[in-house]
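Numbers restart at 1 for each chain; the letters A, B, ... are given by sequence-line order, proteins then strands. Reckoned from all heavy atoms, side chains included, excluding hydrogens, waters and symmetry mates. All values derive from a computational prediction rather than experimental measurement.
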Amino acid sequence: MDVVRWLRRFWAAVWLTWKEQSNWTKPYIYILYSMITPFFSVLVYAYIYVAIAFFSGLVDLERAYYLVTGVSLYNFIGSGLYGLIWTIHSEREHFRTLKYTYLAFPSLHLYLMARSFFHFILGAIYAFIMFLAGIVLTGYPIDALQPNIMEIAILMILGYIWSSQLGVMVAGTSIFSSEYGPLISEAVGGILFLAGAVLYPVSTLPPFIQPISYIFPMVEWMELMRHALNPAYVVSEPNSLYLILALKTFLYLVISIIYFSIIERLTRRKGYLEATLYH
Amino acid sequence: MKPAIETINLVRVFSSPRGEFRALDDVSISVPNGIIYGLLGPNGAGKTTLIRILATLLLPTSGDAYVGGYHVVREAGKVREIINLVSGGERPGYGILTVRENLMYYGQVYGLTWAETRRKIDELDGLLGLSDFLDKRLNRISTGMMQKYALARGLINDPEILFLDEPTLGLDVNNARSIRRVIKRLVETGRIRTILLTSHYMAEVEELCDYVSIIDRGRIIASGTPDDLRRMVEKEIIYDVDIRLRDVDRLKFLPRLDSVIGHTIKTRQLSGEARIRMILSSEDIGTIIRRFEDMGIHVLRVRRSEPSLEDVFLKLVGKGITDEEEKESME
């Protein structure tokens, strides 16, 4: 396999997403916008925390850390996931280029991963800004943080792999429903937000939801990220969590490859690559 | 030597709650290397379905198809490496990008380097004349420019086999002529080895194609070189009759006449004139003219004509291809 050629293709798809996202303005305004948006998002959550703390008189910094890391890190997963699933919709319905992409890019699966890469980078930037702003706004002691950069990098890579595979499976499903495709992506994003240890631990969820939480690698990923950013955040048996996360990521990869190849074949059978059902 | 394209008993059935529609019915064609192969037929005849299958966008219901020797179902990836597709009336790119950016993008997606893609764009500019709109956004260019861009995009990877699906659809006469000139040059210069072109413009197929198959309702009804096909009607008597008439419905009696095998009517809305092309079984034009005059239809000209591919279609199917074709050839 010609790796350089593949990287060139991958890069072209990343560049296209950048153009698609930023075409409405000048690059520096877009970068400014990308930094301001998460800042104002975290303001909402920080305000909720501060308001509750103020009226109840309870200041729980551990809770604040959980909340801030949850909503910040969710941006990384959510942005990439939405971006990937949206690619199918925008290519087929808006630009009507999906069939040309299919002919030009040797693997639609990899193409979707490449197109989502920019969203993951954007999500990482959002997460970083929200995390810093959230920590400052909630009054969490910054000097207590001792981020392990290597661990964070590994977790980001694992996060990119599992969530992009989840995105590929959802995107594949959405090929069959042009009308409801974007809703499917929002539904999956919503489930992850609610059941993925973003705002509250899984143990606090109703018992019938808890098994759903463990279908996704999000719970292990969130917990390990919190621990990697701040070793004072205690997780029980981090090594086991790493192992579970790695296994789930691998499983997601295998399942999405099989699932997407089945979907691809069904799509060709139905002729849905060119079908524009919505507009 | 293996043919560039081959289909064997190809069938494609579309199912819907309203029933089944047989878009391709037992289609077998063989396209040798190095030619422009034309697929001629009216809208809905199955031309685009066949191209979609050959380009690996659609699976056949049954039968086999090979492109460049590769099976379109089992070796779809290999097929995609050696082909490209240009469809008329579409925007095969991103409106938010300029023409140059689109070509740069597709070049790299096909695996070319930045420098190779730039060189290729310069080359394509020389061939197609893109320079006037290379730096315009794709959503701001005219239909003629769009089709030149579409062709440039289709050539960016130097495909061995190029599928052209109605490449001049919706273009004015000058733009259509310029696109046709380029298509011809592509094969003459050996830049593209084989082209499969679909069209419902008779003149286009006659001008460009070395070999033609006529398709109607999913079936190939005749195949051969344009001369072979014309020979099918060399014994027929063909007349063009120009009349002054606005209400075409008054000509509904024509198919009922025993001597009329088939006919087409081309109207000129502005002048209120119409041209009727008729294939007759006997030299009985006098009776028909008298019938026109009895009905008060003013006959302007009567001319005996040489057979064309249009007449082959007319003879085989009993009607012309479409109104659009008629408009174009009259302008």
Side-chain angles (χ1 to χ4, degrees), chain A residues 1-25 30 87 90-112 114-115 175 261-277, chain B residues 12-16 23 48-49 51-61 72-74 76-87 89-98 101-102 104-114 116-117 137-139 150 153-154 156-157 159 163 165:
Chain A
M1 192 197 291
D2 187 345
V3 178
V4 179
R5 239 177 144 192
W6 271 98
L7 287 175
R8 207 178 291 136
R9 289 171 164 140
F10 195 91
W11 168 248
V14 175
W15 173 83
L16 176 64
T17 311
W18 150 257
K19 294 295 280 187
E20 185 188 20
Q21 292 296 303
S22 65
N23 78 86
W24 52 273
T25 187
Y30 179 73
T87 300
S90 74
E91 290 254 328
R92 189 171 63 175
E93 303 291 325
H94 291 245
F95 298 118
R96 302 190 177 191
T97 47
L98 189 59
K99 73 172 173 185
Y100 297 104
T101 299
Y102 185 72
L103 294 181
F105 211 94
S107 156
L108 194 56
H109 187 134
L110 279 176
Y111 175 75
L112 291 172
R115 282 295 302 274
I175 290 180
S261 66
I262 294 168
I263 287 284
E264 198 183 319
R265 200 175 165 85
L266 284 173
T267 305
R268 283 177 65 202
R269 184 175 296 165
K270 296 270 183 191
Y272 282 172
L273 278 167
E274 306 153 85
T276 308
L277 310 168
Chain B
R12 173 66 210 203
V13 178
F14 289 103
S15 302
S16 74
T48 301
T49 303
I51 281 210
R52 285 169 76 198
I53 290 173
L54 295 173
T56 76
L57 295 170
L58 188 70
L59 292 181
T61 305
V72 294
V73 179
R74 293 191 293 270
K78 285 181 177 162
V79 171
R80 286 196 284 272
E81 280 175 22
I82 58 163
I83 62 159
N84 211 329
L85 167 69
V86 177
S87 297
E90 285 189 5
R91 190 169 70 189
Y94 301 87
I96 53 170
L97 305 181
T98 65
E101 285 172 333
N102 267 291
M104 285 303 295
Y105 169 70
Y106 278 108
Q108 287 173 88
V109 164
Y110 273 109
L112 303 181
T113 64
W114 183 266
E116 280 168 349
T117 314
R137 276 191 174 199
L138 204 64
N139 57 9
R153 199 208 62 82
I156 198 90
N157 63 326
F163 297 111
D165 190 13

At a 4.5 Å cut-off on heavy atoms, which part of [X] comes close to chain A: side chain, backbone, both, or neither?
| X | value |
| --- | --- |
| B/V73 | both |
| B/L97 | side chain |
| B/V72 | backbone |
| B/S87 | both |
| B/T113 | both |
| B/L138 | neither |
| B/E81 | neither |

Legend entry - For the student: nearest non-hydrogen atoms of B/G95 and A/F95, plus distance: N-CD2, 4.2 Å
Under 6.0 Å from the six-membered ring centre of [Y] and within 45° of its axis: does the NZ or CZ of [X] meet both?
| X | Y | result |
| --- | --- | --- |
| B/R80 | A/Y102 | yes |
| A/R9 | A/W6 | yes |
| B/R12 | B/F14 | yes |

Inset, instruction - Can you tell which part of A/Y111 gets under 4.5 Å to a heavy atom of chain B, answering side chain, backbone, both or neither? - result: side chain
Inset, instruction - Please look at A/E20 and chain B and tell me whether the side chain, the backbone, both or neither of the residue comes under 4.5 angstrom of a heavy atom of that chain. - result: both
Legend entry - Among B/G107, B/S15, B/G93, B/P60, residue most engaged with chain A (heavy-atom pairs, under 4.5 Å): B/G93
Legend entry - Which of A/L103, A/L7, A/T101 touches chain B most, by non-hydrogen pairs under 4.5 Å: A/L103
Inset, instruction - Verify whether one side chain among B/T117 and B/Q108 offers a donor that lies under 3.5 Å from an acceptor in the other. - result: no
Legend entry - Side-chain donor-acceptor pair present, B/N139, B/R91, cut-off under 3.5 Å: no
Legend entry - Ring geometry between B/Y94 and B/Y106 (parallel below 30°, tilted from 30 to 60°, perpendicular above 60°): parallel
Inset, instruction - Answer yes or no: does atom CH2 of A/W15 have more than 12 heavy-atom neighbours from other residues, nucleotides or ligands under 6.0 Å? - result: yes
